[in-house]
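Structure, as C-alpha cells:
Note: hydrogens, waters and symmetry copies are ignored here, and every other heavy atom, side chains too, is used.
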Amino acid sequence: MTASNPSPKRLLVENLAWSNDVQQRDPTYFQRLAHAQTPTFLWIGCSDSRVPAETITHASPGDLFVLRNIANMVGTGSNSSSALEYAVCVLEVKHVIVCGHHGCGGVRAALLPENDATPNVNERIEPLRRLAHFHRKELDALPTLDARINRLVELNVQAQLDVIGHSEPMSRARKRPKLHGWVYGLKDGLLRELTSEL
Ligand SMILES: [Zn+2]
C-alpha cells in the first residue's frame, strides 16, 4: 500500500482483499491457523514503520511472535518481560532475534539533548543514554552523528541480548532458545547478522 494519504477505511478494504486472496489460494488456511500458534521465532524489533518484521523476512502469520517498541529494548517492565516469558516458557520458540536498524530515531534521541516534548520517550531511552555514556570513547571517535547512531544501534542489540540471556524467563525455559542479534539497513533493505548462537 503506497497511497500518499491512506485512510483507516483503506486499511479495512485492503484487509478484505488480503483475506479473500489468502482463502482463494488456501481455503482452510485461517481455520488451521486459528487452532493454535506455534511460532519458531520471538522477534524483538523497533516500532519504526519502516521495519515491519513479517514483510522484510517474507514471514507469514504464525511464524513470528513479535514484540516491537522504541529502539527494540527489553526492559524490566511487564510489557517486554511478559512477551519474553510467554514466548520462551509457553510457546517454546527456538530462536530469539533482537533486530535493530540503522538510523533508529530512538537511538538518535539518546545521543542528543533531551526533548521536553517527549517525557515518556526520554524515560524509555534512558538505558540507551547510559549505554552511550559507557561507550563514549568509541562513539566520540566516530566522524559523524550517523556513524555514532549506527554503532550505538549495534551496541544496543548486544546489550539487549545480554539482558535476555540472563533474564529470569530464560532460566526457566525447558529448552533454551538460541539468541541472534541482527541489524536492518534502511538504505538497502538487508538484514545483517551481528551475533548468532549456533
Ligand atoms: Zn528505531
Side-chain angles (χ1 to χ4, degrees), residues 41-53 56 65-88 95-173 176-198:
F41 308 96
L42 166 60
W43 175 283
I44 299 172
C46 184
S47 295
D48 193 304
S49 61
R50 299 165 296 179
V51 196
I56 65 175
F65 191 73
V66 174
L67 171 68
R68 288 174 67 184
N69 55 42
I70 288 180
N72 43 271
M73 288 194 286
V74 180
T76 52
S78 63
N79 185 321
S80 55
S81 59
S82 60
L84 183 62
E85 179 180 70
Y86 195 71
V88 167
H95 302 273
V96 177
I97 297 161
V98 176
C99 183
H101 67 98
H102 287 159
C104 182
V107 173
R108 167 185 284 267
L111 289 169
L112 298 173
E114 279 202 348
N115 182 349
D116 292 340
T118 56
N120 292 292
V121 174
N122 293 343
E123 184 181 339
R124 171 84 194 156
I125 63 175
E126 184 55 33
L128 277 172
R129 288 192 185 281
R130 289 200 296 274
L131 187 67
H133 183 71
F134 186 78
H135 293 279
R136 64 189 180 283
K137 263 192 181 165
E138 179 188 350
L139 294 170
D140 286 349
L142 295 170
T144 62
L145 176 60
D146 282 347
R148 288 193 284 280
I149 291 167
N150 292 343
R151 179 58 184 144
L152 187 53
V153 164
E154 294 176 355
L155 292 167
N156 179 43
V157 167
Q158 185 59 61
Q160 301 312 314
L161 289 173
D162 290 344
V163 170
I164 293 166
H166 295 96
S167 68
E168 189 269 335
M170 283 290 275
S171 71
R172 274 192 285 130
R176 193 180 188 281
K178 303 266 192 284
L179 302 184
H180 310 268
W182 295 353
V183 171
Y184 177 76
L186 290 177
K187 290 180 179 171
D188 59 13
L190 293 175
L191 289 163
R192 291 162 181 78
E193 280 189 294
L194 280 186
T195 171
S196 198
E197 289 182 347
L198 298 174

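- In terms of modelled atom types and a separation under 3.5 Å, the side chain of R148 and the main chain of A132 share no donor-acceptor contact.
- Contact annotation: the side chain of E154 approaches that of V183 to within less than 4.5 Å [non-hydrogen atoms, C-beta and beyond].
- Nearest heavy atoms, R68 versus V51: NH2-O, 3.3 Å.
- Once rounded to the nearest 0.5 Å, the distance linking CG of L161 with NE2 of H180 reads 9.5 Å.
- E197 is not listed as a side-chain neighbour of P177, based on a closest heavy-atom distance of 4.5 Å or more.
- Note that the CG atom of L128 and the CG atom of L111 stand 8.5 Å from one another [nearest 0.5 Å].
- N69 places no side-chain N or O within donor-acceptor distance of the main-chain N or O of C46, the cut-off being under 3.5 Å.
- No hydrogens or angles considered: a donor-acceptor pair under 3.5 Å links the side chains of N156 and Q160.
- A distance of 8.5 Å separates CG of D188 from NE2 of H102, quoted to the nearest 0.5 Å.
- A173 and V88 get closest at one heavy-atom pair: CB-CG1, 3.2 Å.
- With a 4.5 Å cut-off on side-chain heavy atoms, S167 and E85 do not count as touching.
- Note: Y86 and F65 have tilted aromatic rings, judged against thresholds of 30 and 60 degrees for the angle between ring planes.
- With rounding to the nearest 0.5 angstrom, the CD1 atom of I125 is 12.0 Å from the CG atom of L131.
- Counting heavy atoms from C-beta on, the side chains of D48 and C104 never come closer than 4.5 Å.
- Nearest heavy atoms, N150 versus G103: OD1-N, 3.0 Å.
- Using modelled atom types, one side-chain atom of R129 and one backbone atom of A110 make a donor-acceptor pair closer than 3.5 Å.
- The distance from the CG atom of N72 to the OH atom of Y184 is 14.0 Å, given to the nearest 0.5 Å.
- No side-chain heavy atom of V98 sits less than 4.5 Å from a side-chain heavy atom of L179.
- Each of V157, V74, V66 was checked for a side-chain contact (heavy atoms from CB on, under 4.5 Å) with I44, and the lone residue meeting it is V74.
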Item to complete: Quick one: do D162 and Q158 satisfy side chain to side chain donor-acceptor pair (under 3.5 Å)? Show the steps, please.
Response: CA-CA 6 Å; D162 290 344; Q158 185 59 61; 3.2 Å; yes
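- Scored by the salt bridge (charged side-chain N to carboxylate O under 4.0 Å, His left out) test, E126 finds no partners at all (sequence neighbours excluded).
- A donor-acceptor pair under 3.5 Å is absent between the side-chain atoms of R124 and the main chain of V121, judged by distance alone.
- Identified under the side chain to side chain donor-acceptor pair (under 3.5 Å) test for residues 103-123, with sequence neighbours left out: R108-D146.
- In this structure, OG on S47 lies 8.5 Å from CG on L67, to the nearest 0.5 angstrom.
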